[in-house]
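Right, one structure below, let's go through it.
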Number of protein chains: 4
Amino acid sequence: MNSFSDRQKEVIDVSIKIIAKKGIQQLTIKNISKSLGISEPAIYRHFESKIDILLAILSNFKEMTKDSIERLQLINLSAIQKIESLFMNHFKNFTKNPELASVIFSEEIFQNDIRLSTQVLEIMKYNQEAMLGLIEKAQRNNDIKTNIPREQLSLIIIGGLRIIITKWRLSNYSFDLEKEGTDLWKAIHKLIAP
Amino acid sequence: MNSFSDRQKEVIDVSIKIIAKKGIQQLTIKNISKSLGISEPAIYRHFESKIDILLAILSNFKEMTKDSIERLQLINLSAIQKIESLFMNHFKNFTKNPELASVIFSEEIFQNDIRLSTQVLEIMKYNQEAMLGLIEKAQRNNDIKTNIPREQLSLIIIGGLRIIITKWRLSNYSFDLEKEGTDLWKAIHKLIAP
Amino acid sequence: MNSFSDRQKEVIDVSIKIIAKKGIQQLTIKNISKSLGISEPAIYRHFESKIDILLAILSNFKEMTKDSIERLQLINLSAIQKIESLFMNHFKNFTKNPELASVIFSEEIFQNDIRLSTQVLEIMKYNQEAMLGLIEKAQRNNDIKTNIPREQLSLIIIGGLRIIITKWRLSNYSFDLEKEGTDLWKAIHKLIAP
Amino acid sequence: MNSFSDRQKEVIDVSIKIIAKKGIQQLTIKNISKSLGISEPAIYRHFESKIDILLAILSNFKEMTKDSIERLQLINLSAIQKIESLFMNHFKNFTKNPELASVIFSEEIFQNDIRLSTQVLEIMKYNQEAMLGLIEKAQRNNDIKTNIPREQLSLIIIGGLRIIITKWRLSNYSFDLEKEGTDLWKAIHKLIAP
DNA sequence: AATGAATGAGATTTCATTCAT
DNA sequence: TATGAATGAAATCTCATTCAT
């Protein structure tokens, strides 16, 4: 799809790490190039501008999001199981890749450019629509209460997902995200089950 | 408690507005002074440094948070009613003061300085403890399911609160926050009611 | 009219000198600030951008041009004498201020920005219209041949003026501009007299 | 004489076009290579440095100038006819090749290097001497007034030539150069004829 | 309390050029 | 003959802050 060169992937990678560790304000061309051990102008062989680096990060997220949702659709699971899987996969992924957590839910970072914020909104929308679709199916299967509108159910599930990750991040990854995530899912599941 | 001068309050005010409208990267001494119609050095009569402005913003939030929670405790309401009130008050306040929404839940903004992030964590903690206390009481009153640990209930309630405000902000305040907030509360209430 | 501060005038001044001596490519903020003995950022207190410095130079030229033409109109001279005066004044001014010569007829310098080239064209137009008006009057007074269209006469006079200044400049100001200018005017006068 | 390779000629060509369209400041190795559809280092296979490209442009002009003057000398025309031919040929050539006009009379472009400005001065000198020689002959043939020194006549002719081309270029080639050139020549001819 | 002038540090970006392949 | 990757130098401009007034 979006075929980034090896160097481009490296740039994207260290950029995410820099944002995660030191915040967007420290994402400078100097810091990126220092991390890669090359000169500052060398970055411009691989990206036309700094904004393009941020766009590449988002483009990467978008692909990842789409892929994981599409893969999920193909699996032979019930809708409620797919919701659980979607929910829990986030924790697995972020545990493996904690930097991602800092960037993926930090809409503020991408506020200052229309192209960036458009991408962010599209990613959010994509996630929400997937969740809504699954909730609808699960309700039809009678695996989720039907007396609660799916829009609100979706907000509650995604809201829970986001806040636990935010807490984990702000606590400096000091608790076991997968364990706390499982507990949260159990609670949500108990609440929404008919 | 912290007694800010009139000018200091003005600085805090326009700073919040700038962050809300243009992001933290645009919060510069130049932009602040331009918004206030004074010169840049004049800012330094009122704040020793830029960090002090951000600390003042957070200090302000902290006071507001404490105040509203303390006031809530004094009112003659049941615990579940207090939770509802806490939940709904946010929407009222943000509808009146949309800029606040952009800053109050943007922890990323305050990531790059220990003094700042410490303040942010304290505010979060304060809110959570208040919520936990109320949930406990509501459970004792049998107004909330008791078979779900209050830690998870708290996450779900605050998570829902945060995500709806985030959506509202990213949508450029394009929907009726109070109405959507009411719908969300109804759903949560139905779910957590015994 | 355009009221430049003292510092702004200094910037304009050294900028003209730099262009004259080293060409437009050496007109850098660094060189300007070095010439003035201040730091580079200090320049930006006085001009918003480099383009604004160039615009100020042109704005200055425009004023000078307008002024000198307007002053000329008021003097009690015949049209042909005014043409001579216009012609010869250039040599006097440039002899006093040789750097001006390098910039005033270097349209190429101002090619890369629409605002700049617009200004250049306006200055040229202004000069040409003044010259056309004077030629017309002189022809009516029978001081200039009437069997030659004034458009061509204007081109010949201004063309002569420009080329002699160009030669003087490229020769590193190595000949007496006023003397050569007088000789040229004598020749032109002899040719265009009826 | 100077035998440029095909690639070198291409480089010279696009360089002239770039200078004409966007000014000398946009004549960068990057822009040259982009125009040619090759990589930047590839340019250095054909020219040792950027200055060498500019020198090649001037060297080309010099050859062209010499050629056309030498060819003119061989033709069986009177001196005044040769002057007319020299004058009018410029308009024909520039109409065919408008970019040339932007560069050939832009001495400022070549100001910042001694080797470049030396070349420019030589070309000018060559042209002037040819013109002076022709005027002298025409005066001896009694085709041009003899009471005007040929130095001034030369200035007037070449000055007229240059200014009309400058106007044409700054007007974005918006008028018929050959027609206006003819009108100008008629005027000059009428003036200088005995 | 406020300002005009200034600055050191640093940001993004461009440029001519080099080198290994 | 050509390219991908890289770089030192330098350009424009921004930022937080200081100081004399």
Side-chain angles (χ1 to χ4, degrees), chain A residues 5-8 10-11 24-34 36-54, chain B residues 5-8 10 25-34 36-54, chain C residues 5-8 10-11 24-34 36-54, chain D residues 5-8 24-34 36-54:
Chain A
S5 73
D6 285 1
R7 252 303 189 237
Q8 284 181 316
E10 284 181 332
V11 171
I24 188 76
Q25 313 230 42
Q26 288 302 309
L27 184 72
T28 64
I29 300 292
K30 190 177 214 157
N31 282 344
I32 295 172
S33 59
K34 215 189 287 170
L36 289 176
I38 60 178
S39 73
E40 295 173 52
I43 301 291
Y44 288 88
R45 279 275 144 201
H46 305 285
F47 287 98
E48 287 206 349
S49 72
K50 192 180 152 183
I51 284 271
D52 284 304
I53 298 175
L54 290 167
Chain B
S5 73
D6 284 3
R7 259 293 194 241
Q8 283 181 317
E10 283 182 336
Q25 314 232 40
Q26 289 300 310
L27 184 71
T28 63
I29 300 292
K30 190 179 199 173
N31 282 345
I32 295 171
S33 59
K34 212 190 290 169
L36 287 176
I38 61 177
S39 74
E40 296 170 55
I43 302 289
Y44 289 88
R45 281 276 141 200
H46 307 284
F47 287 98
E48 287 209 345
S49 73
K50 194 181 153 185
I51 284 270
D52 285 305
I53 298 176
L54 289 167
Chain C
S5 74
D6 285 1
R7 253 302 189 236
Q8 284 181 316
E10 285 181 332
V11 170
I24 188 75
Q25 313 231 41
Q26 289 301 310
L27 184 72
T28 63
I29 300 293
K30 188 177 215 157
N31 283 343
I32 295 172
S33 60
K34 217 189 287 172
L36 289 176
I38 59 177
S39 72
E40 295 174 51
I43 301 292
Y44 289 88
R45 278 276 144 202
H46 306 284
F47 287 97
E48 287 207 348
S49 72
K50 194 181 151 183
I51 283 271
D52 284 305
I53 297 175
L54 291 167
Chain D
S5 72
D6 285 2
R7 259 293 192 241
Q8 282 180 318
I24 188 72
Q25 314 230 41
Q26 290 299 310
L27 184 70
T28 63
I29 300 291
K30 190 178 198 172
N31 282 345
I32 296 172
S33 59
K34 214 191 288 172
L36 288 175
I38 61 176
S39 74
E40 294 170 57
I43 303 289
Y44 289 88
R45 282 276 141 200
H46 307 284
F47 288 99
E48 286 208 345
S49 74
K50 193 180 152 183
I51 284 271
D52 286 305
I53 298 175
L54 290 167

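None of these values were measured; they are calculated from a predicted model. Letters A, B, ... mirror the listed sequences (proteins, then strands); counts begin at 1.
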Closest-nucleotide ordering on DNA chain E, the 5'-leading residue of A:S49 and C:P41: C:P41
Of A:K30 and D:Q25, the one whose closest DNA chain E nucleotide lies more 5': A:K30
Sugar-phosphate, base or nothing in reach of B:I29, heavy atoms under 4.0 Å: base
NZ/NE/NH1/NH2 to OD/OE distance under 4.0 Å, C:E40 and C:R45: no
Separation of E:dT13 P from A:H46 NE2 (nearest whole Å): 15 Å
Nearest listed nucleotide, side chain of [X], among [options]:
X: C:E40; options: F:dC13, E:dT13, E:dA5; answer: F:dC13
X: B:Y44; options: F:dT12, F:dT18, F:dA2; answer: F:dT18
X: A:T28; options: F:dA5, F:dC15, E:dT12; answer: E:dT12
X: B:R7; options: F:dT12, E:dA2, F:dA6; answer: E:dA2

Base partner of F:dA6, which must satisfy Watson-Crick or wobble distances under 3.5 Å: E:dT17
Strand partner of E:dA1, provided both Watson-Crick or wobble distances fall under 3.5 Å: none
B:F47 backbone acceptor or donor facing B:D52 side chain under 3.5 Å: no
